Amino acid sequence: AQRVTQPEKLLSVFKGAPVELKCNYSYSGSPELFWYVQYSRQRLQLLLRHISRESIKGFTADLNKGETSFHLKKPFAQEEDSAMYYCALSGLGYSTLTFGKGTMLLVSP
Amino acid sequence: DGGITQSPKYLFRKEGQNVTLSCEQNLNHDAMYWYRQDPGQGLRLIYYSQIVNDFQKGDIAEGYSVSREKKESFPLTVTSAQKNPTAFYLCASILLQSGRTEAFFGQGTRLTVV
């Protein structure tokens with residue numbers, strides 16, 4: 001079975017502060033990990049995938065297989081980063097895409 | 001305009017009625033999924049289909065039914081057996097390919113039982 005855990009329902013920070021949204025996963029094989037974002041009144045959309053090793057909107061995420069984690073980080077939060085963030089996992093055969101419960105990020109001025 | 005379209009945006013249902021939510025995509029993806037989004041619950045998988053004329057139950061399939069007669073369409077029926085149907089429903093068309101896997105979501109349907 002595959003499982004994604006996001007321990008924080010809400011993360012509130014001030015503008016310019018560092019941000020880390022936590023994600024842990026459970027999967028016996030080699031997963032693909034993703035972060036999706038849902039801005040207010042917009043569709044849920046892909047933010048980044050671990051395999052790309054890219055930085056999107058200043059966010060990065062490193063897959064740590066030893067700790068089974070895929071935390072999302074940004075050194076300096078901006079107000080426009082306020083959104084709902086979902087960590088997701090795709091497993092063997094890419095049969096399903098499993099999401100965590102999401103973390104709401106609020107960035108205050 | 002390519003993408004995935006859900007309709008209607010808002011839907012009201014009387015108790016005891018079945019309702020069908022529409023989901024159409026023109027992205028030529030084989031896989032389509034239905035999720036339910038509730039506050040504090042994240043996205044929970046209802047049903048998914050990897051190919052035409054085939055579909056699988058997700059984690060919370062009870063009280064729901066689907067069909068996949070065409071590649072472009074994956075309608076979801078919320079039956080009267082669903083005990084708590086009021087929710088936001090999201091349909092996704094998914095490209096399943098190593099290194100390129102990505103879900104494309106519709107704008108959602110908010111179902112309210114009155």
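Please read all numbers here as calculations on a predicted model, not as lab measurements.
B:L43 touches chain A through backbone and side chain together, each having a heavy atom under 4.5 Å away. Using a 4.5 Å cut-off between heavy atoms, B:Q37 contacts chain A through its side chain alone, with no backbone atom that close. Heavy atoms closer than 4.5 Å to chain B are found in the side chain of A:Q38, but not in its backbone.
There is no path of hydrophobic side-chain contacts, each under 4.5 Å, that joins B:V66 to B:V52. A continuous path of hydrophobic side-chain contacts links A:M104 to A:F99 [ILVMFWY only; heavy atoms under 4.5 Å]. The hydrophobic cluster containing A:I56 also contains A:V107, counting ILVMFWY residues as joined when their side-chain heavy atoms lie under 4.5 angstrom apart, directly or transitively. Under the 4.5 Å side-chain heavy-atom criterion for ILVMFWY residues, no single connected hydrophobic cluster contains both B:L76 and B:I51. A:M84 and A:F34 fall within the same hydrophobic cluster, defined by Ile, Leu, Val, Met, Phe, Trp and Tyr side-chain heavy atoms under 4.5 Å apart, directly or through other members.
Within a 6.0 Å sphere centred on CD of B:E62, heavy atoms belonging to other residues, nucleotides or ligands number 12 at most. More than 12 heavy atoms of other residues, nucleotides or ligands shown are found within 6.0 angstrom of CD on A:E80. Summarising the local packing, CZ of B:F88 is surrounded by more than 12 heavy atoms from other residues, nucleotides or ligands at distances under 6.0 Å. For A:K22, the NZ atom is densely surrounded, since the number of other residues' heavy atoms within 6.0 Å is greater than 12. Counted within 6.0 Å of OH on A:Y39, heavy atoms from surrounding residues, nucleotides or ligands total more than 12; the atom is thus considered enclosed. At most 12 non-hydrogen atoms from other residues, nucleotides or ligands lie less than 6.0 angstrom from NZ of A:K101.
Note that OH of A:Y86 is 11.5 Å distant from OH of B:Y35, once rounded to the nearest 0.5 Å.
Within residues 5-18 of chain B, no residue has any heavy atom less than 4.5 Å from a heavy atom of chain A. The stretch residues 102-114 of chain B places B:E102, B:A103, B:F105, B:G106, B:Q107 near chain A, each with some heavy atom under 4.5 Å from a heavy atom of that chain.
The residue among A:L44, A:T98, A:L46 with the most heavy atom pairs within less than 4.5 Å of chain B is A:L44.
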